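Accompanying notes for the structure given below.
Keep in mind that this is a model prediction, so the values were computed, not measured. Computed from heavy atoms alone, side chains included, the values below leave out hydrogens, waters and symmetry copies.
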Amino acid sequence: MNLVNLESVSHAYGPKPLLANVSLGVEEGDRIGVVGRNGGGKTTLISIIAGELKPDGGRVTHTRNLHVGVLSQRDDFAADATVQELVLGGRAEHEWAGDAAIREILANLLGDIELSAQAGALSGGERRRTALARLLIGADDLIVLDEPTNHLDIEAIAWLAGHLAARRSALIVVTHDRWFLDAVSTRTWEVVDGSVERYDGGYAAYVLAKAERARVAQATEDRRQNLMRKEIAWLRRGPPARTSKPKFRINAAEALIADVPPARETVELLKFASARLGKTVYDLEDVTLHAGGPDTGPLVLDHCTWQFGPGDRIGLIGVNGSGKSTVLRLLSGSVRPDTGRLVEGRTVKLAHLSQELTELDPTRRVLETVEEIRKYITVGKKEWSASQLLERLGFKGDAQWKVIGDLSGGERRRLQLLRLIMDEPNVLLLDEPTNDLDIETLTELEDLLDGWPGTLVVVSHDRYFLERVSDRTVALLGDGKLSMLPGGVDEYLDRRAAGNALSARAATAVPTLVVETPITVGLSAKEQRELQKELSRLERQLDKLSEREGKVHAQMAEAASDFERLGTLDAELREIATLKESTEVDWLNVADRLGE
């Protein structure tokens, strides 16, 4: 059934037409990802579809009694409204507390927020999660999401993808998170030059289809083609799931990448990095570190010993508040360890992109502020001018002569990143570098980092970017250690689900639960062995339950139009959630006894 229909819709802001004679429709069960450059019209398109914006021309038709839920990039919460009032409305406590679906949403999005907290006291990220929870608790025919993954950590993003895949609602989502696009969407719309190009499949399918269209049309723009070929090559060499969705012939696309080398010449880069850096970059020796200073704030590292070597490309992950930014500040020298020692190599030339924007003279021009650092830089085997790099990161033509005071937050962040790279550092610390970057700029940044030799440590909630630019994944799991994860983000999520690390979200998932453990006076060796066996058994049981849960989610996605089958699967999912909950409590009991 057709839910929304657009006929010859046009809209412009000032002289710039964002949409020109666009005709398209949204069907029941559609799952559509919307991509395009920043300022290209994505938000305008979804606002028109949702009925929040009246177009300049054309007609928009909604089916009768259509319920549309919208997550915009701004909220209108009253400052004195509580989280409970905003999210749960007038629902009685026994009503929502007895609903497993509502409890799951609250646990995964608001686990660290008191329901009695007032909106005026919430941070921007907490307000965003509150708005998302309120939307998901509703029952809408069409859900429209504008950048839903902002302020979510990797674990919450994975949960949200599974939740949306299991819902019956039609979905339209605007996001720069390419992993999320692949996980939730079965169709892709690209808003470009006033029109909307439509593709089957998620992000991987979109990239392949776009390359095929470009090949058939014999596109002549070499640089853009090379970028796309490299992107496809990386996608095809990655996990098979990334390319399981394309529904078109990909033989021609395969021919495009037959002779494309790996994204990074790892051996060559490592050799160059070693020459520039020497053997030592950063050595952590028995380091203890708290986020708020010595013995204050959450514990981040506890007697941790670790080495960051030349050419290492490390993705650092963990839940919000686990201390990822604090670790970067430790490496940059802006905080000191409580105890232990940080040894920095003599040849280290550091660049640190933090989440705070560096103050720049608002009267200066963009190009001037880059050229004052350096006019030319060699990346890999190619020399680039400041102007060429600015163009690669989205500052095209006259945009290079804009006054800094007129730049948006996203543009200032891109400028800050480019200034750091132009200084030719050999160690890069990047804290959420993808914020406010569109997909095209992200691929340019990834390509730029491919040829950059040196040690890279990146913190990002953008799973695709993290896997794309890093070679190793290291996690803060709440145990005061830096844990190597050979299985990457998937292993991190599995370990979190199995209860190997406790977070604020997990601890507050069932706020009324009190776990009582018996008082003991030490444990014998035999008792410790028995408890270890029991702990291992419970962990295996949690692994199996998580595996069952994943399979049920996949089955629900396949049975999206079979309501009877969905009801059966939903009941099974609730049963699994109950078992996981009780098993986690048992695990906590045993772990507490072992820790006595």
Side-chain angles (χ1 to χ4, degrees), residues 33-38 42 71 73 124-125 128-129 132 145-162 164 173-185 188 202-204 206-207 227 230-231 234-235 238-239 241-242 263-264 313-320 322 324-325 327-328 353-355 393-394 409-410 413-414 416-417 428-450 452 456-476 485 488-493 496:
V34 183
V35 300
R37 288 199 72 95
N38 285 341
K42 302 187 298 295
L71 178 75
Q73 295 197 43
R128 182 73 169 166
R129 287 187 279 140
L132 181 56
L145 306 176
D146 195 355
E147 295 296 347
T149 63
N150 285 359
H151 303 291
L152 299 185
D153 58 30
I154 287 176
E155 189 175 1
I157 291 171
W159 171 83
L160 179 60
L164 291 173
V173 56
V174 172
T175 180
H176 299 148
D177 189 319
R178 292 159 290 178
W179 179 89
F180 188 78
L181 276 174
D182 248 352
V184 303
S185 59
T188 302
Y203 178 73
Y206 153 72
V207 171
L227 268 181
K230 183 179 249 186
E231 182 78 346
W234 188 78
L235 282 168
R242 286 204 178 96
R264 292 183 292 277
R313 303 176 72 96
I314 294 172
L316 180 60
I317 60 179
V319 298
N320 287 338
S322 60
K324 303 183 295 295
S325 296
V327 171
L328 294 191
L353 179 74
S354 68
Q355 294 192 49
L393 292 187
R413 190 154 182 80
R414 276 184 276 149
Q416 181 185 8
L417 176 59
L428 264 179
L429 307 179
L430 303 180
D431 197 350
E432 297 295 349
T434 66
N435 286 354
D436 302 309
L437 301 188
D438 56 42
I439 288 177
E440 188 171 336
T441 306
L442 282 171
T443 59
E444 291 281 7
L445 174 58
E446 289 161 356
D447 188 63
L448 192 60
L449 291 175
D450 282 343
W452 177 81
L456 171 69
V457 183
V458 57
V459 170
S460 178
H461 294 150
D462 186 329
R463 178 172 173 176
Y464 189 104
F465 179 83
L466 196 72
E467 294 175 331
R468 174 69 173 78
V469 303
S470 61
D471 296 328
R472 294 194 293 161
T473 303
V474 175
L476 290 168
L485 302 180
V489 176
D490 286 332
E491 181 180 346
Y492 167 76
L493 294 173
R496 290 280 302 162

- Mind checking the CZ-CG spacing from Arg128 to Leu71? Nearest 0.5 Å is all I need. 4.0 Å
- Return the set of residues passing salt bridge (Lys or Arg N to Asp or Glu O under 4.0 Å) with Asp438 (not counting sequence neighbours), or none when no residue passes. Arg37
- Query: Among Asp490, Asp153, Asp177, which residue meets the salt bridge (Lys or Arg N to Asp or Glu O under 4.0 Å) test with Arg463?
  - Reply: Asp490
- Query: For the residue pair Asp431 and Arg413, what are the closest heavy atoms and their distance?
  - Reply: O-NH2, 2.5 Å
- Task: Nearest 0.5 Å please: distance from the CG atom of Leu437 over to the CG atom of Asn38.
- Result: 7.5 Å
- Minimum-distance pair of heavy atoms, taken over all atoms of Val458 and Phe465: CG2-CE2, 3.8 Å
- Over all atoms of both residues, closest heavy-atom pair of Gly33 and Ser185: N-CB, 3.6 Å
- Does the side chain of Glu446 reach to within under 4.5 Å of the side chain of Tyr464, using non-hydrogen atoms? yes
- Query: Which heavy atom of Val174 sits nearest a heavy atom of Lys42, and at what distance?
  - Reply: CG1-CE, 3.7 Å
- Out of curiosity, Ser460 OG to Glu467 CD, how far, rounded to the nearest 0.5 Å? 10.5 Å
- Roughly how far, to the nearest 0.5 Å, is the CG atom of Leu448 from the CG atom of Leu417? 8.0 Å
- Indicate the atoms forming the closest heavy-atom contact of Arg313 with Val469, along with that distance. NE-O, 3.0 Å
- Among Thr149, Asn320, Asn435, find the one that has a side-chain hydrogen bond (donor to acceptor under 3.5 Å, both in side chains) with His461. Asn320
- Could you pull out the closest heavy-atom pair between Tyr492 and Val319, with the gap in Å? OH-N, 3.3 Å
- Show the numbers, then the answer: is there a side chain to side chain contact (heavy atoms under 4.5 Å, CB included) between Arg178 and Asp462? CA-CA 8 Å; Arg178 292 159 290 178; Asp462 186 329; 4.3 Å; yes
